Number of protein chains: 2
Amino acid sequence: MSGHAPEHAGVTARRPRRDASRNRDRLLAAAKTVFSAGGPAASLEAVAREAGLGIGTLYRHFPTRESLFEAVYRREVEQLAELAETLEAEAPPVAALRRWLHANVEFVATKKGMAAALELAARGPSDLTAYSSDLLTRAVGRLLARAVAAGAIRADIGAADLLRALVGMCYLHDEPGWQASVLRLLDALVDGMRIPPR
Amino acid sequence: MSGHAPEHAGVTARRPRRDASRNRDRLLAAAKTVFSAGGPAASLEAVAREAGLGIGTLYRHFPTRESLFEAVYRREVEQLAELAETLEAEAPPVAALRRWLHANVEFVATKKGMAAALELAARGPSDLTAYSSDLLTRAVGRLLARAVAAGAIRADIGAADLLRALVGMCYLHDEPGWQASVLRLLDALVDGMRIPPR
DNA sequence: TTGAAAAACGGAGGCACCCTCCGTATAATC
DNA sequence: GATTATACGGAGGGTGCCTCCGTTTTTCAA
């Protein structure tokens, strides 16, 4: 048994082709550009054009619109998850929660397309989005659990609830002044979830 | 002066043709059906088919997708506005606010397409949606103002803010258990907006 | 180096939808 | 009944979605 590359049990080891991975990168870059400009409903053919590739190539790499989204915004979602860990280590429970929520708003404001990524994470029907969804739910879940454990926050609102509120509030992020509005609302929400110390 | 129908200053008075108003009704009924089944992005050609009319007729009556939405859901939006008035007369300030918010959730849950109507009212870029938007903002605005005047609610969150939160939270209304989740969130939000009596 | 064979490419093609335009049909008025 | 404003319908040109398959490129073993 044992050849060189093709291992015994069908678990082939052939590396991905050069052109394939190069094109994958091009598609991701193009998608970022096009989605930023045209919103999440932008044409996939436009993405392929922007990448200088055929539409067939795009579909082979990313069979669904969602899978493309997922790939484009995976990194940003991961950053948010990391931020949660940092805050957990560095700030008191309620403040950490509040800051993380605020950071999300800033993300949406800054990184064009982040709203789409969040939305996707929260509503995505596909299996692929489970990754993002899980990551974020867990991130906020840890912050929440810590605050609950400290007796500072009500226990009847879960991570998924909070994520829903966050994403929803950011959903209408085109109106002027949306950012301040969402920050006020989030603060009020956290206040409402608070158990005052006595 | 005064003729019979055609008034002097170009403000013609010719009644709309029978077939025209009949077809308008058919289109509205069809739109309600199709949007309920297929969501707000459903095909306009499907609406025309459902109504047994040509696509041209649809476009003459409703030049944009939004104008059709507007017409379909105008009544439901008006009902919500009326409810606000009723509650204003019948319930104490904070309770009225809370109940109105809850009623909205029920609307979304019950009347398919109501979510789309709310969304449209809140984000619609068109002039036509101003009507719905105004109506709802004013409705919740009155409830809010009363509660603020009674010293029961913080003054830094406006009607538009609250509407944003409401619509946003209902936005992801497909997930299982969304309804309970939104109710919890709204309660917490109102709690957070409260000024405890002392 | 070379020559299969695996893997990837590209875009034509079929379908649906969007919206406009204008010849034809029909209701309202005289 | 004739006239004319009004409405109807759907063909047509454009775009996007996604699939399928003949062609091209890369890899790997001999």
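As the structure is a prediction and not an experimental result, all values here were calculated from the model. We name chains A, B, ... by the order of the sequence lines, and we start the count at 1 in each one.
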Quiz prompt | Rounded distance in Å - CG (L58(A)) to C1' (dA8(C)) | solution = 14 Å
Quiz prompt | More than 12 heavy atoms of other groups within 6.0 Å of R138(B) CZ | solution = no
Quiz item: Between the main-chain N or O of D156(B) and the side-chain N or O of R184(A), is there a donor-acceptor pair closer than 3.5 Å?
Solution: yes
Practice problem: Keeping the roles fixed (side chain from S181(A), backbone from G177(A)), state whether a donor-acceptor pair exists under 3.5 Å. | Solution: no
Exercise. Indicate, with a heavy-atom threshold strictly under 4.0 Å, whether R65(B) touches base, sugar-phosphate, or nothing.
Key: sugar-phosphate
Self-check item: Atom-pair distance (CZ on F62(B); P on dT20(C)), nearest Å
Solution: 16 Å
Quiz item: With no hydrogens and no angle check, is any side-chain donor or acceptor of T110(B) less than 3.5 Å from a backbone partner on F107(B)?
Solution: no
Quiz item: Between E66(B) (CD) and dC18(C) (C1'), how many Å, whole number?
Solution: 15 Å
Quiz item: If only side-chain N and O atoms of N23(A) are considered, is one of them under 4.0 Å from the OP1 or OP2 phosphate oxygen of dA8(C)?
Solution: no
Quiz item: Does D161(A) reach the main-chain N or O of G158(A) with its side chain, forming a donor-acceptor pair under 3.5 Å?
Solution: yes
Quiz item: So, is H61(A) near the phosphate of dC9(C), with a side-chain N or O under 4.0 Å from OP1 or OP2?
Solution: yes
Quiz item: For R17(A), which residues count as a salt bridge (charged side-chain N to carboxylate O under 4.0 Å, His left out) partner, sequence neighbours excluded?
Solution: D19(A)
Self-check item: Between P of dA8(C) and CD1 of I55(A), the distance in whole Å
Solution: 18 Å
Distance-only check: which donor-acceptor pairs under 3.5 Å involve side-chain atoms of residues 75-88 of chain B, not counting sequence neighbours?
{"residue": "E76(B)", "atom": "OE2", "partner": "K32(B)", "partner atom": "NZ", "Å": "3.2"}
{"residue": "E78(B)", "atom": "OE2", "partner": "Y131(B)", "partner atom": "OH", "Å": "2.4"}
{"residue": "T86(B)", "atom": "OG1", "partner": "E82(B)", "partner atom": "O", "Å": "3.2"}
{"residue": "E88(B)", "atom": "OE1", "partner": "R142(B)", "partner atom": "NE", "Å": "3.4"}

Exercise. Would you confirm whether R98(A), through its side chain, and L186(A), through its main-chain N or O, come within 3.5 Å as a donor-acceptor pair?
Key: no
Distances for protein N/O vs nucleotides 21-23 of chain C N/O pairs under 3.5 angstrom?
none

Quiz item: Above 12 or not: heavy atoms from other molecules or residues under 6.0 Å from CZ of R65(A)?
Solution: yes
Quiz item: In whole Å, what is the span from the CG atom of L53(A) to the C1' atom of dA8(C)?
Solution: 11 Å
Quiz prompt | Euclidean distance, atom CG of residue L68(A) to atom P of dC17(D) [Å, nearest integer] | solution = 11 Å
Got a list of side-chain donor-acceptor pairs under 3.5 Å for residues 38-59 of chain A, not counting sequence neighbours?
{"residue": "S43(A)", "atom": "OG", "partner": "E45(A)", "partner atom": "N", "Å": "3.0"}
{"residue": "S43(A)", "atom": "OG", "partner": "A46(A)", "partner atom": "N", "Å": "3.0"}

Atom pairs under 3.5 Å, N or O on each side, protein against nucleotides 26-28 of chain C: can you list them with distances?
{"residue": "dT26(C)", "atom": "O2", "partner": "R17(B)", "partner atom": "NH1", "Å": "3.0"}
{"residue": "dT26(C)", "atom": "O2", "partner": "R17(B)", "partner atom": "NH2", "Å": "3.3"}
{"residue": "dA28(C)", "atom": "OP1", "partner": "R18(B)", "partner atom": "N", "Å": "3.0"}

Quiz prompt | DNA chain D contacts among residues 35-50 of chain A, heavy-atom distance under 4.0 Å | solution = S43(A), L44(A), E45(A)
Self-check item: Student check: side-chain heavy atoms of V108(A) and W178(A) closer than 4.5 Å
Solution: yes
Practice problem: Using a cut-off of strictly less than 4.0 Å, decide whether T57(A) has a side-chain nitrogen or oxygen near OP1 or OP2 of dA8(C). | Solution: no
